[in-house]
Amino acid sequence: MHTHLYRVRKVLPDDMTEKEHVRKRRRLAWDVPPSEQPEEDVPAPVMLRNEAFRRHVSPLRREDDREGHYVFSFGDNLTPRCIHIKFLPRWVKRIASCVGTFGRVLECWDRQTREYVAIKVVRSIRKYREAAMIEIDVLQNLAKNEGGGSRCVQIRNWFDYRNHICIVFEKLGPSLFDFLKRNKYCPFPVDLVREFGRQLLESVAYMHDLSLIHTDLKPENILLVSSEYVKLPGCKRKATDETHFRCLPKSSAIKLIDFGSTAFDNQNHSSIVSTRHYRAPEVILGLGWTYPCDLWSIGCILVELCSGEALFQTHENLEHLAMMERVLGPLPEHMVRKADCGAEKYFRRGSRLNWPEGAISRESIRAVNKMDHLKNLVSQHVVGASRFLLIDLLHGLLKFDPSERITARDALNHPFFENMS
């Protein structure tokens, strides 16, 4: 039985619905008597005055909130080993993709390793507990096979605390989405996009080699390893032509997070996966999905990183398909013919998309009409030889037909990634 404690610092959540086998391993209970470690192992900012903190004991039991989230206070001992410090602001850390859905993420001080960690505290609801155990299996599988130098977030430990599955992660920096948001959605330089893309493809290729499909790739789930940044002038505002300062990360190192929706290729797949903006056409058309759905998402992510805006900003299937056709050309007839009964309503007789006739509003039509061909979209933000290479790579990643889409391994050999130090 472990007698060391974590203490908490911050919280965020995660999005997940997949169910599988119930955990059969030994239950780890960390709600244990206080350890005798000296108080000087705790950093000065977290030396709080409450008695529970000084004695390294867990707080008195509190009822979970109505949604099954663990209720905590700043400075609580989350078990005798970890001190809860605070909620992690999104700019500092993001482990989960959807605040409040799966659980919360706390920034904690680990008394044993004397470092900050991030702990995902899962809601005390059976389906989320079962889903958390699946994520733990995936994380441990990734860690076991990689042998160091990982592009995926590292699991440090996990435990069951007051009926909440708690997953301990290394503490990382902000997500790429949070970095874009902080910069008022100014795009990253193409050299940085190239480095991010290479690392992202390496992590996905590694997962695919292990027969794992992430299914929820997006900028929110790609974290910088470090929070350090430099402030530089640049990036003109479109409306005023005014130049403002922006931040760039000191290090381009990133890691992939949020494996709560990860699926094995040989298991039964749910019909809908991926966050809307990054969802592949085969998913929308009900054609089934496998590894290529991750590559479509990567294509969308690369466009967003070099433009500052999501490629397909929509929340409705027909509009989404219309945007795809506007950017990439018409959908292949054989995909339309095979679309499931739920997707047939998006087409007229034959293979023509029912657009704009089926649009839900004039605003929707205007949103689609604003879209431009992929080549023109990229050329607005990237210049020089890199532009043509990036466009060619994106055409491979954003092929409508998943069987024709480039693989992660092949994408890493694309000329866009050549001559990188």
Side-chain angles (χ1 to χ4, degrees), residues 13-22 96-98 101-102 123 125-135 137-138 204 207-208 210-218 220-221 258-301 310-325 328 331-348 351 353-355 358 360 364 397-405 407-408:
D14 201 294
D15 182 8
M16 184 143 134
T17 57
E18 193 144 9
K19 294 177 70 174
E20 202 162 287
H21 62 280
V22 178
S97 59
C98 229
T101 302
F102 183 95
R123 291 164 67 181
I125 296 175
R126 181 178 178 181
K127 68 176 181 178
Y128 294 114
R129 286 175 54 84
E130 292 176 349
M133 297 314 301
I134 296 172
E135 180 171 13
D137 285 341
V138 170
V204 171
M207 292 187 67
H208 290 183
L210 297 176
S211 300
L212 292 168
I213 311 166
H214 189 283
T215 78
D216 197 20
L217 297 173
K218 55 185 176 181
E220 290 91 330
N221 287 339
D258 195 354
F259 301 92
S261 301
T262 297
F264 281 93
D265 183 51
N266 60 2
Q267 74 183 61
N268 291 329
H269 292 169
S270 59
S271 57
I272 299 296
V273 292
S274 305
T275 299
R276 160 63 73 183
H277 299 343
Y278 313 93
R279 186 173 296 158
E282 64 267 25
V283 179
I284 298 174
L285 297 177
L287 300 176
W289 51 267
T290 182
Y291 304 110
C293 75
D294 280 346
L295 279 304
W296 178 277
S297 299
I298 291 175
C300 295
I301 291 168
L311 177 56
F312 301 116
Q313 299 186 48
T314 178
H315 297 284
E316 194 269 325
N317 281 339
L318 179 58
E319 181 182 271
H320 197 168
L321 294 171
M323 286 181 168
M324 289 179 180
E325 289 201 334
L328 301 166
L331 284 156
E333 289 188 18
H334 70 274
M335 291 182 67
V336 174
R337 288 196 301 269
K338 293 179 181 178
D340 68 11
C341 56
E344 288 178 352
K345 59 187 176 183
Y346 305 132
F347 301 91
R348 292 182 169 186
S351 60
L353 197 66
N354 188 27
W355 186 269
I360 58 175
S364 179
L397 293 168
L398 296 173
K399 287 280 189 185
F400 278 125
D401 189 338
S403 66
E404 298 177 3
R405 211 168 292 157
T407 67

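By convention here, the first residue in the shown sequence is residue 1. All values reported here derive from a predicted model rather than from experimental measurement.
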Look at the side chain of [X] and the backbone N and O of [Y], then say whether any donor-acceptor pair between them is shorter than 3.5 Å.
X: Arg405; Y: Pro292; answer: yes
X: Thr215; Y: Ser274; answer: no
X: Glu325; Y: Leu353; answer: no
X: Ser297; Y: Tyr278; answer: yes
X: Asp216; Y: Ser261; answer: no

Side-chain contact, heavy-atom cut-off 4.5 Å: [X] with [Y]?
X: His208; Y: Asp265; answer: no
X: Met133; Y: Val138; answer: no
X: Glu135; Y: Thr262; answer: no
X: Arg279; Y: Val273; answer: no
X: Thr290; Y: Ile213; answer: yes
X: Trp296; Y: Pro281; answer: yes
X: Leu212; Y: Phe264; answer: yes

For this session: Using the test ring-ring contact (aromatic ring centres under 6.0 Å, His included), find all partners of Trp289 that sit at least two apart in sequence or belong to another chain.
Result: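 For Trp289 the ring-ring contact (aromatic ring centres under 6.0 Å, His included) partners, ignoring immediate neighbours, are His269.
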Problem set entry | Glu333 and Lys338 ion-paired at < 4.0 Å |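 Looking at Glu333 and Lys338, the cut-off is not met.
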Exercise. Does the separation of the ring centres of His320 and His315 fall below 6.0 angstrom?
Worked result: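 No, they do not, as the ring centres are separated by 6.0 Å or more.
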Exercise. Can the ring centroids of Phe312 and His277 be said to lie less than 6.0 angstrom from one another?
Worked result: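 Between Phe312 and His277, the centre distance exceeds or equals 6.0 Å.
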Exercise. Can you name the one residue among Leu217, Leu398, Leu397, Thr275 that meets side-chain contact (heavy atoms from CB on, under 4.5 Å) with Cys300?
Worked result: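 Going through Leu217, Leu398, Leu397, Thr275 one by one, the side-chain contact (heavy atoms from CB on, under 4.5 Å) with Cys300 is satisfied by Leu398 alone.
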For this session: Can you measure from NE2 (His214) to CZ (Phe259) and round to the nearest 0.5 angstrom?
Result: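 One finds 5.0 Å between NE2 of His214 and CZ of Phe259.
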For this session: Would you give the length of the straight line joining atom CE of Met207 to atom CG of Asp294, rounded to the nearest 0.5 angstrom?
Result: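 Spacing of CE (Met207) from CG (Asp294) equals 7.0 Å.
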